[in-house]
Number of protein chains: 2
Amino acid sequence: MPYDPSAYPPFAVTVDLVVLTVRKHALCALVVRRGGPPFQGRWALPGGFVRGDEDLEAAAARELTEETGLRPHVSGGQNAGAHLEQLATYGAPRRDPRMRVVSVAHLVLAPDLPSPTPGGDARSARWAPVGSLSGTDSGAEWDGTEQQESLAFDHGEILRDGVERARSKIEYSSLATAFCPPEFTVGELRRVYEAVWGVALDPRNFHRKVTGTPGFLVPTGGTTTRQGGRPAQLFRAGGATLLNPPMLRPEV
Amino acid sequence: MPYDPSAYPPFAVTVDLVVLTVRKHALCALVVRRGGPPFQGRWALPGGFVRGDEDLEAAAARELTEETGLRPHVSGGQNAGAHLEQLATYGAPRRDPRMRVVSVAHLVLAPDLPSPTPGGDARSARWAPVGSLSGTDSGAEWDGTEQQESLAFDHGEILRDGVERARSKIEYSSLATAFCPPEFTVGELRRVYEAVWGVALDPRNFHRKVTGTPGFLVPTGGTTTRQGGRPAQLFRAGGATLLNPPMLRPEV
DNA sequence: GGAATAGTGTCTGTCAGACAGTATCGC
DNA sequence: GCGATACTGTCTGACAGACACTATTCC
């Protein structure tokens, strides 16, 4: 691989974020409105340039904190922040009309946030149900009250890939707890699965599965009635990161 | 995301390839000897710069053809070439001592090739058992007859990630057939799984599993005795790409 | 015949799906 | 009481693991 350092073609490198959460029984993604051209006024994924002496993951974490105030912890760990992992890299020659830009997309799974806290240099930000953005697919409860508009650049494709990664990853890992607050009930965790997959799960079988998997859930001793009905036990995420055997996703 | 195009930090973008095959009951990776500094004389993964008007995947396919003569088909399709998919992107600030280089690694699964056909600008190339490169891990039959030496740059880490991806992906997809010639027997496919996972599988249960999964294998009608013993049926890869339920990997 | 590989059949334990039934809250 | 949710228990069918056994080839 001998080469002349001055002869390589110039690239810009950005990070884009697919930030997912579950709000009101629906899987939602964070989108920001673009303040300048190209695609001015269109919705896009949050993101920005990687700095000259910055790791890719550090750039993603910095953008996440700027946009949401969330502090990720990158792998393992308890449920005090958001989960962040690299998703894929998008580098088609003309995906950005101004110059050659390679974007390293990252996936963030976050618990529901009280306020959409727009920040950074974005004019505005909101949580959009993924069904309203990708059109097809099991978004289901898309009610048409918000304008449906495709995302800027190739961000629609990036979002689809991120949603698909999240859907498959909660099958064989305990990552669904990243969508939950630090303490949660079995029913709340089940509604996360139902929102992400867009299906209904049997509450009894789900309860047996998650409480029977060692290391998945740790009871905190407390109870809550915030969902109504009989008081439910509260749990924290356990240390187990891989689910074996996996949670089975119906209708595949 | 307003920004000044002239203000972005300059990056070089490369593709690196983790090319895996199964030779003599061992999982092997293609490595090339570096002809120039840095890391002159050390083994490295094949790869090169992305051209100014070239897609990332096209760059990976071009490097693959230059190094091995293989023509990938990127997704789906029959078994006439190699499987190619994006793996992950590596961009630590000083991973290349000369400049800021972001490498988009790709994973290639190829059938056993008669000749290691070095090509391109690499001085020499060879198939190295992955156990001899990553040291630890279930490489098992590393016999010490070849020098054990860590790969240049962060290529050891990239190789580990690629091997891990391949190991997990053959669990729930029919991708193991990408390691096989166009026509193969159940026993040959089983030896692929055994080599990649580094375990022994029960031939009877394996046979029942793969022949009982619809769409996985298609009998061609022919038979062969190239492995000795009773003639075995020949199969082609079927159209099924996802295995449900997955092949279970022992000892997890 | 002996060794090697291919292929079939049977038993058993585990577990997911389906569903009955009970417990405890708010109204 | 009524509706909601939480939780326990039982039955059944699918399937993986662990064998025994037979078939066909080369030597």
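Numbers restart at 1 for each chain; the letters A, B, ... are given by sequence-line order, proteins then strands.
- Partners of B:Tyr172 according to the ring pair (Phe, Tyr, Trp, His ring centres under 6.0 Å) rule, which considers only residues two or more places apart in sequence or in another chain, do not exist here.
- When DNA chain D is scanned in the 5' to 3' direction for atoms under 4.0 Å from non-hydrogen atoms of chain B, the outermost contacting nucleotides are D:dA16 to D:dT25.
- Residue pairs satisfying the salt bridge (Lys or Arg N to Asp or Glu O under 4.0 Å) criterion with at least one member in residues 211-222 of chain A, sequence neighbours excluded, are absent.
- The rotation axes computed at either terminus of the helix from C:dG1-D:dC27 to C:dC27-D:dG1 lie 0° apart, taking five pairs at each end and rounding to 10 degrees.
- With sequence neighbours excluded, no residue forms a salt bridge (Lys or Arg N to Asp or Glu O under 4.0 Å) with B:Glu157.
- Every residue was checked against the side chain to side chain donor-acceptor pair (under 3.5 Å) condition with B:Gln233, not counting sequence neighbours, and none meets it.
- Taking a 4.0 Å limit (strictly below) on heavy-atom distances, residues 212-226 of chain B does not reach DNA chain D anywhere.
- Legend: residues meeting side chain to side chain donor-acceptor pair (under 3.5 Å) with B:Thr21, ordered by chain and number and at least two apart, are absent.
- For the pair A:Lys209 and C:dC15, the criterion of a side-chain N or O lying under 4.0 Å from OP1 or OP2 is not met.
- For residues 207-222 of chain A, the set of pairs meeting the salt bridge (Lys or Arg N to Asp or Glu O under 4.0 Å) definition, not counting sequence neighbours, is empty.
- In terms of the side chain to side chain donor-acceptor pair (under 3.5 Å) criterion, B:Arg191 has no residue partners (sequence neighbours excluded).
- Applying the salt bridge (Lys or Arg N to Asp or Glu O under 4.0 Å) rule to B:Arg230 yields no partners; only residues at least two apart in sequence or on another chain are considered.
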> Quick one: what's the B/S/- string for nucleotides 5-10 of chain C, heavy-atom cutoff under 4.0 Å, read 5' to 3'?
Replying inline: BBBB-B

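- A salt bridge links B:Arg190 with B:Glu194: at least one charged nitrogen is closer than 4.0 Å to a carboxylate oxygen.
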